[in-house]
Amino acid sequence: MNDVSREFHFPGFVANPSSWYEASARQRIDGLLDAGSFDEFIGPQARVTSPHLPLFDLPQQFDDGMIVGHGTLDGKPVLVAAQEGRFMGGAFGEVHGAKLTGLLRAARELGSAPVLILFDTGGVRLQEANAGELAIAEIMRALVDARAAGVPVVGLIGGRAGCYGGGGLLAACCSALAVSEQGRISVSGPEVIETNRGVEEFDAKDRALIWRTMGGKHRRLIGAAERFVEDTTDAFRAAAIDLIAHASPFDTAMLRAEQTRLEARLARFGDCRDGLDVWRALGATDPDAIPGMPGDAFAELADQLQEPRHDAR
């Protein structure tokens with residue numbers, strides 16, 4: 001049993017029912033969408049499981065850690081996908097990825113229902129490496145095609161596993177992101193960086209460093225997320241409604257503007273060695289206080305300091 005499983009099965013452990021971080025994927029969907037509106041595609045009763053995991057004598061899950069379906073949000077139809085971070089760290093495999101690819105392709109064909117992706121993933125499953133990497137490529141193509149057809153694709157990030165590896169790449173392709181302080185976004189995780197570059201480059205045991213580099217507050221400040229929200233389902237729901245309503249078009253002008261912004265960001269922060277240096281360069285008068293700031297105070301500060309993304313939504 002992994003660390004996450006131990007935490008959720010420890011005698012006497014009671015999850016906060018309003019916490020996005022502590023909720024399961026299905027609980028997040030139930031709290032996010034209008035009550036009773038969710039209809040699942042390829043649910044557990046279909047028992048579509050990974051064909052690869054039994055080869056490694058690993059347990060399967062009947063939804064393969066990916067819940068997809070449709071429902072309503074504030075009375076309007078949406079398509080939704082949620083990763084279960086408590087099953088194999090929400091990692092992408094063949095079936096897991098195919099369900100999200102299919103949902104995005106359906107969104108492109110419909111052309112009218114926005115897509116919400118509730119990310120909670122450590123990346124690609126090592127046991128399904130080739131199939132998982134292919135799944136990421138297929139999802140990315142389907143996501144871009146959906147956006148090109150005018151479909152807003154909004155990512156919500158605040159789960160236990162964060163949003164790493166291929167999930168980080170997919171998040172960057174979304175129309176907009178909402179992230180909580182508990183959310184982390186990165187292509188390479190702390191352990192991967194330390195293994196390949198050494199502890200001098202990145203100490204994977206330094207939790208404060210992880211959050212200053214990959215955490216929700218830092219990602220919001222550098223323009224990698226449009227909304228910073230409290231760790232509640234209601235906050236993510238409100239952010240999702242707002243981001244869908246204000247999604248920018250996916251066109252050449254937007255891509256050029258984003259490329260220009262990223263080039264400017266590299267020139268501005270390329271010599272920074274720590275998130276604190278970046279925040280100071282952004283104009284924060286007391287960057288050391290940012291990690292401990294209450295959510296509402298930080299959100300106000302972020303609106304003043306953030307690096308704008310795309311069209312400065």
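Values below: every heavy atom of this structure, side chains too, minus hydrogens, waters and symmetry copies.
- For the pair Ile210 and Ala204, the tightest heavy-atom approach, listed with the atom from each and the gap, is CD1-O, 3.4 Å.
- A salt bridge is absent between Asp120 and Arg160: the closest approach of a Lys/Arg side-chain nitrogen to an acidic carboxylate oxygen does not fall below 4.0 angstrom.
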Yes or no on side-chain hydrogen bond (donor to acceptor under 3.5 Å, both in side chains) for Ser19 and Asp231, after CA distance, side-chain angles and deciding distance? CA-CA 6 Å; Ser19 170; Asp231 176 40; 2.6 Å; yes
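- Considering only heavy atoms from C-beta on, Met66 comes within 4.5 Å of Lys99 through its side chain.
- Of all heavy-atom pairs spanning Leu143 and Cys173, the tightest one is CD2-O, 3.2 Å.
- Minimum interatomic distance between Val95 and Pro51 (heavy atoms only, all atoms of both residues): CG2-CD, 4.1 Å.
- Hydrophobic clustering (side-chain heavy atoms under 4.5 Å, transitive across Ile, Leu, Val, Met, Phe, Trp, Tyr) keeps Met214 apart from Leu170.
- Remark: aromatic rings of Phe38 and His70 are distant, center separation not under 6.0 Å.
- Partners of Glu40 according to the salt bridge (charged side-chain N to carboxylate O under 4.0 Å, His left out) rule, which considers only residues two or more places apart in sequence or in another chain, are Arg26.
- A salt bridge links Glu258 to Arg261: at least one charged side-chain nitrogen sits closer than 4.0 Å to a carboxylate oxygen.
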Evaluate side-chain hydrogen bond (donor to acceptor under 3.5 Å, both in side chains) for Thr233 paired with Arg28, printing each intermediate quantity in order. CA-CA 7 Å; Thr233 301; Arg28 290 170 188 155; over 6 Å; no
Given the rule in the side chain to side chain contact (heavy atoms under 4.5 Å, CB included) test, do Thr72 and Leu33 qualify, once you have shown the distances and angles that lead to the verdict? CA-CA 6 Å; Thr72 60; Leu33 300 184; 6.0 Å; no
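- Shown here is Asp288, whose CG atom has more than 12 heavy atoms of other residues, nucleotides or ligands within 6.0 Å.
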Apply side-chain hydrogen bond (donor to acceptor under 3.5 Å, both in side chains) to residues His96 and Gln83 and explain how you reach the verdict. CA-CA 9 Å; His96 184 106; Gln83 294 180 287; 3.0 Å; yes
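- Tyr164 has its side chain out of reach of Thr121: every pair of non-hydrogen atoms, C-beta onward, lies at least 4.5 Å apart.
- The cluster map of Ile, Leu, Val, Met, Phe, Trp and Tyr, joined by side-chain heavy atoms under 4.5 Å apart, puts Leu305 and Met293 in the same cluster.
- The two residues Asp34 and Arg237 have their closest heavy-atom pair at OD1-NH2, 3.0 Å.
- The backbone N or O of Ala238 sits nowhere less than 3.5 Å from a side-chain atom of Asp242 that would complete a donor-acceptor pair.
- Considering only heavy atoms from C-beta on, Val187 comes within 4.5 Å of Leu169 through its side chain.
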What do the steps show when you test Leu118 against Val80 for side chain to side chain contact (heavy atoms under 4.5 Å, CB included), and what is the final call? CA-CA 8 Å; Leu118 285 54; Val80 62; 3.8 Å; yes
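- By the criterion of side-chain heavy atoms lying less than 4.5 angstrom apart, applied directly or through intervening Ile, Leu, Val, Met, Phe, Trp or Tyr residues, Leu110 is grouped together with Ile139 in one hydrophobic cluster.
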Go through the steps to decide whether Asp145 and Arg105 satisfy the test salt bridge (Lys or Arg N to Asp or Glu O under 4.0 Å), and finish with yes or no. CA-CA 8 Å; Asp145 284 348; Arg105 288 175 177 170; over 6 Å; no
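- With respect to Arg280 and Asp274, no salt bridge is recorded, no charged nitrogen being found less than 4.0 Å from a carboxylate O.
- Around CG of Asn130, the count of heavy atoms belonging to other residues, nucleotides or ligands within 6.0 Å does not exceed 12.
- Using cut-offs of 30° and 60° for the angle between ring planes, the Phe228 and Phe298 rings count as perpendicular.
- You'll find the side chain of Met254 stays beyond 4.5 Å of the side chain of Pro249, heavy atoms only.
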Would Ile67 and Ile29 satisfy side chain to side chain contact (heavy atoms under 4.5 Å, CB included), going step by step from the backbone distance to the final call? CA-CA 9 Å; Ile67 298 94; Ile29 290 175; 3.6 Å; yes
